[in-house]
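Written below as structure tokens is the structure these notes are about.
Naming: A, B, ... by sequence-line order, numbering from 1 per chain. Just so you know, these numbers use all the heavy atoms, side chains as well, and skip hydrogens, waters and symmetry mates.
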Number of protein chains: 2
Amino acid sequence: MSRQKELIYNLITSTMSHPTADWVYRNARRKMPRISLGTVYRNLNTLVQEGRILAIANSRGPVRYDANITRHSHLKCIGCGLMLDVPETDIDFVPRSPKTRQFEVLEYRVEFLCLCPDCRAKNGSKKQTFQGGQNANPK
Amino acid sequence: MSRQKELIYNLITSTMSHPTADWVYRNARRKMPRISLGTVYRNLNTLVQEGRILAIANSRGPVRYDANITRHSHLKCIGCGLMLDVPETDIDFVPRSPKTRQFEVLEYRVEFLCLCPDCRAKNGSKKQTFQGGQNANPK
DNA sequence: GTTTGTGCAAAAGCTTTGCACGTTT
DNA sequence: AAACGTGCAAAGCTTTTGCACAAAC
């Protein structure tokens with residue numbers, strides 16, 4: 001594990017904000033000013049392959065990373081993109097379907113689409129498509 | 001609804017393969033050779049905003065679209081990317097989580113990560129990261 | 001004739017990669 | 001010196017956008 005990789009891994013474990021590669025890059029440069037974006041991406045990919053972090057896709061914007069590799073689900077605000085972890089133990093059900101029995105299901109993840117208190121206050125009942133926002137691009 | 005938009009919408013409803021923008025473009029050109037990729041993207045985005053189709057993100061590769069806008073979940077093969085719909089009525093559970101109660105949960109979607117029969121045969125028990133594959137890029 | 005959408009091409013955003021060099025063993 | 005990872009820059013892929021023109025109302 002190179003110094004760069006260790007720094008990248010530590011940065012991801014230090015936050016619960018599901019950061020982007022760019023966030024990791026910007027924060028890594030504070031401690032290691034000459035680190036390159038390519039190195040960040042390369043190490044993020046190997047960390048994912050090694051199963052040490054998770055990659056989370058969004059239909060809009062960059063991939064986010066998550067150091068929480070315990071089985072868990074996500075609560076996602078469709079207003080601002082805020083994403084919270086929901087531990088498997090906090091979900092009191094096991095989803096199962098006839099179809100899943102024909103396959104070898106390894107794992108399930110639930111995505112709870114919601115409005116966080118802030119967005120509920122701002123937008124009232126107005127439903128809107130997720131377009132990114134403050135928490136969507138952590139500084 | 002322009003002729004282009006109607007064609008694009010019809011193409012998406014015609015398949016269960018959760019196609020990409022590029023697939024829609026290639027198939028649209030068969031009927032309308034001068035349609036542009038920009039038009040395809042513009043119309044896909046407006047169809048999503050209108051709630052007539054869904055956009056599905058993947059951590060690798062382009063966004064896929066889904067004309068099934070009933071509440072449903074997905075069964076996703078981590079070997080080849082094959083994605084099947086699982087209707088809400090096929091899932092037997094009652095979701096309830098302490099954390100979700102603080103928020104206004106509008107909807108939930110379950111992602112079942114699995115190995116399809118083909119990939120199970122090919123790869124045996126060898127776990128692998130999703131890297132795309134045949135069904136990942138519908139022709 | 002005004003509004004709206006299109007085709008085209010350029011640009012933007014995100015990610016990967018080739019290469020020469022530096023590190024580690 | 002062999003194996004590996006890095007910084008840099010270029011390239012790649014996906015998506016968006018500015019603009020002049022066409023279509024629809």
*To the nearest 0.5 Å, tell me how far B:Leu37 CG sits from B:Arg29 CZ.*
8.5 Å
*Find the distance A:Arg34:CZ to D:dG5:P and express it as a whole number of Å.*
20 Å
*Results of side chain to side chain donor-acceptor pair (under 3.5 Å) for B:Asn45 - residues two or more places apart only*: none
*How close or far is atom P of D:dA9 from atom OH of A:Tyr25, stated in whole angstroms?*
10 Å
_CZ-OG1 distance between B:Arg34 and B:Thr39, expressed to the nearest 0.5 angstrom_ = 11.5 Å
*Can you check the B:Leu37 CG to C:dA9 P distance for me, whole Å?*
13 Å
*Between CG on residue B:Leu84 and OG on residue B:Ser17, distance to nearest 0.5 Å*: 11.0 Å
Pairs under 3.5 angstrom, nitrogen or oxygen only, protein versus nucleotides 18-24 of chain D, please.
unit_1 : atom_1 : unit_2  : atom_2 : d
D:dG18 : O6     : B:Arg42 : NH1    : 3.3

*Which one of B:Ile53, B:Thr15, B:Leu54, B:Ile12 satisfies the side-chain contact (heavy atoms from CB on, under 4.5 Å) criterion with B:Asp66?*
B:Leu54
*Which whole-number value in Å describes the distance from B:Asn58 CG to C:dT15 P?*
13 Å
*Between CG on residue A:Leu44 and CD1 on residue A:Ile8, distance to nearest 0.5 Å*: 6.0 Å
*Map A:Val63 and B:Ile35 onto DNA chain C by nearest heavy atom, then report which one ends up closer to the 5' terminus.*
B:Ile35
*Would you say C:dT16 has OP1 or OP2 under 4.0 Å from some side-chain N or O of B:Arg60?*
yes
Close N/O contacts between protein and nucleotides 2-5 of chain C (under 3.5 Å):
none

*Listed nucleotide nearest any side-chain atom of A:Tyr41, set C:dT16, C:dC8, D:dT15*: C:dT16
*asked:* If only side-chain N and O atoms count, and only distance matters, is there a donor-acceptor pair under 3.5 Å linking B:His18 with B:Asp85?
replied: yes
*asked:* Nearest 0.5 Å, please: how far is NE2 in A:His74 from CZ in B:Arg109?
replied: 15.5 Å
*Presence of A:Asn45 side-chain N/O under 4.0 Å of C:dT15 phosphate oxygens OP1/OP2*: no
